[in-house]
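Scroll down for the structure; my scribbles are underneath it.
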Amino acid sequence: MALTKKEQRQIAKHDQRKWQFNGTFKTGIVLILIFSGIGLMGSALMFFMGLVGIVIQNSLTSGQSSSINLSMASGIILAFFGAYIFTLTAVSLTMASFTLSNQTTSTKMILAIVAIGSGVCMIGGIVMLLTPQTDEKEVEAIELNNEVRVLEEVVEQSLNKEQVFNRDEREQRVYEAKYAKAVEFLEQIENKEIEEEKLVDKFSNDFKVIFLQAKRDMILDGRIQDKTYNEELAKQLTHEQNEDLIVINKEISDNVLDKIDDSEWTQEANDEKTDKPVELFEENN
């Protein structure tokens with residue numbers, strides 16, 4: 001079974017080399033794109049102004065008159081910085097476009113350095129440096145949860161091939177497969193291979209119930225250790241025992257009351273039987 005669109009977006013957010021493809025990263029890219037467009041035009045203008053200055057200075061030195069007073073050094077500096085900014089800005093624009101279209105953060109550091117170095121795109125580069133690192137366990141939890149859905153689909157297909165149409169039997173087979181998967185997850189959690197909290201958050205409600213049942217059974221069997229769960233389980237068992245005692249005491253009380261009522265009824269019946277012969281004797285006399 002393929003991942004849902006929501007899960008694909010979550011994986012796209014986290015499943016990168018090191019950093020999340022999140023709002024901070026996207027903001028940095030957008031700023032780079034905006035300022036790079038402005039920077040390209042400004043740097044191109046600077047470059048051509050420098051070239052014009054150099055040409056004018058050459059014409060002045062050759063004896064031609066001009067009203068523009070611009071030294072050769074100024075023209076060279078202007079052209080150099082114009083070319084420098086134009087080149088780095090163009091590289092930043094190209095890398096930002098590639099990163100946004102492929103939704104990858106693998107080029108984050110290079111792009112941030114080039115953007116900051118260009119000067120014009122510095123703000124976008126600084127924002128990109130604030131991007132948090134990826135959470136690999138989040139991606140792992142999504143993929144493991146998808147395994148549960150795939151397992152259910154495989155079991156359903158197997159039941160269809162076996163022509164099992166009894167509803168109770170189908171539900172039992174699916175339950176057993178999910179229970180075995182829950183046990184597998186719990187063993188991995190016990191071995192610290194996966195993280196329980198993120199994994200359980202991704203489970204559907206029905207599998208979460210099966211997972212907790214399997215966890216309780218494994219704790220009672222001593223196969224896994226969970227101090228917090230043991231304390232909660234002990235409280236639950238104590239509460240259940242107290243409720244059982246209340247029910248038992250109520251049943252005993254009801255039985256005693258019933259016996260008392262029966263004895264009173266029996267006594268009244270005996271008294272009535274005793275009184276009847278006396279009344280008959282008195283009527284005969």
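Numbering of residues begins at 1 and proceeds along the displayed sequence.
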Query raised in the report: Can you check side chain to side chain contact (heavy atoms under 4.5 Å, CB included) on Phe47 and Leu78, steps first, answer last?
Result: CA-CA 6 Å; Phe47 178 76; Leu78 198 61; over 6 Å; no

Requested in this report: Mind checking the CG-CD spacing from Leu199 to Gln188? Nearest 0.5 Å is all I need.
Outcome: 8.5 Å

Report task. Any chance you could measure Arg216, atom CZ, to Leu186, atom CG, to the nearest 0.5 Å? Result -> 14.5 Å

Query raised in the report: Rounded to the nearest 0.5 Å, what separation is found between the CD1 atom of Ile32 and the CD1 atom of Ile116?
Result: 8.5 Å

Report summary line: Rounded to the nearest 0.5 angstrom, the OG-CD1 distance for Ser43 and Ile85 is 6.5 Å

**Report entry** side chain to side chain contact (heavy atoms under 4.5 Å, CB included) between Arg223 and Glu187, worked out
**Finding:** CA-CA 9 Å; Arg223 296 167 62 185; Glu187 290 175 347; 3.4 Å; yes

**Report entry** Shared hydrophobic cluster, Phe81 / Val91 (ILVMFWY, side-chain heavy atoms < 4.5 Å)
**Finding:** yes

**Report entry** Distance in Å, Thr89 OG1 paired with Phe86 CZ, rounded so as to fall on 0.5 Å steps
**Finding:** 8.5 Å

**Report entry** Note: Glu153-Arg149 ion pair, threshold 4.0 Å (strictly below)
**Finding:** no

Report task. For the residue pair Asn160 and Arg170, confirm or rule out a side-chain donor-acceptor distance under 3.5 Å. Result -> yes

Query - Shortest non-hydrogen separation from Leu129 to Ala112 and the atoms involved - result: CD2-CB, 3.8 Å

Requested in this report: Taking the side chain as every heavy atom from C-beta outward, state whether Glu196 and Lys215 have any pair of such atoms under 4.5 Å apart.
Outcome: yes

Query raised in the report: Would Glu184 and Tyr179 count as having a side-chain donor-acceptor pair, cut-off 3.5 Å?
Result: no

**Report entry** Heavy atoms from other residues, nucleotides or ligands near OH of Tyr175 exceed 12 (cutoff 6.0 Å)
**Finding:** yes

Query raised in the report: In the single-linkage hydrophobic clustering (I, L, V, M, F, W, Y; side-chain heavy atoms under 4.5 Å), do Leu144 and Met218 co-cluster?
Result: yes

Requested in this report: Locate the shortest heavy-atom distance separating Ser97 from Leu33; write the atom from each residue and the value.
Outcome: OG-CD2, 3.7 Å

Query - ILVMFWY cluster, Met95 and Leu40 together (side-chain gap under 4.5 Å) - result: yes

Query raised in the report: How close do Val114 and Ser92 get, heavy atom to heavy atom, and via which atoms?
Result: CG1-OG, 3.2 Å

Requested in this report: Evaluate the criterion ring-ring contact (aromatic ring centres under 6.0 Å, His included) for residue pair Phe203 and Phe211; output intermediate values, then yes/no.
Outcome: CA-CA 9 Å; Phe203 288 157; Phe211 179 84; 5.3 Å; yes

Query - Backbone of Val154 reached by a side-chain donor or acceptor of Ser158 within 3.5 Å - result: no

Query - Considering all heavy atoms, the nearest Ala177-Leu151 contact - result: O-CD2, 3.4 Å

Query raised in the report: According to a 4.5 Å side-chain heavy-atom criterion applied to Ile, Leu, Val, Met, Phe, Trp and Tyr, with indirect links allowed, do Ile77 and Met46 form part of one hydrophobic cluster?
Result: yes

Report summary line: Minimal heavy-atom distance between Ile54 and Gly75, with the atoms involved, is CG1-C, 3.8 Å

Query raised in the report: What's the spacing between Glu156 CD and Arg173 CZ if we round to 0.5 Å?
Result: 10.5 Å

Requested in this report: Determine, step by step, whether Lys202 and Asn146 satisfy the side chain to side chain contact (heavy atoms under 4.5 Å, CB included) criterion, reporting the C-alpha distance in whole Å, the side-chain angles of both residues, the deciding distance to 0.1 Å, and the verdict.
Outcome: CA-CA 9 Å; Lys202 304 298 179 185; Asn146 188 56; over 6 Å; no

Query raised in the report: Have Thr107 and Thr99 got a donor and an acceptor in their side chains that come within less than 3.5 Å?
Result: yes

Query raised in the report: Where do Leu93 and Ser36 come nearest, in terms of heavy atoms and distance?
Result: CD1-OG, 3.2 Å

Query raised in the report: So with a 6.0 Å cut-off around CG of Leu51, is the heavy-atom count from everything else above 12?
Result: yes

Query raised in the report: Any link between Val209 and Val148 through a network of hydrophobic side chains (Ile, Leu, Val, Met, Phe, Trp, Tyr) touching at under 4.5 Å?
Result: no

**Report entry** Worked verdict on Met128 versus Leu31 for side chain to side chain contact (heavy atoms under 4.5 Å, CB included)
**Finding:** CA-CA 10 Å; Met128 288 187 66; Leu31 289 174; over 6 Å; no

**Report entry** salt_bridge(Asp206, Lys178) N-O dist < 4.0 Å
**Finding:** yes

**Report entry** Glu171, CD atom: more than 12 neighbouring heavy atoms under 6.0 Å
**Finding:** yes

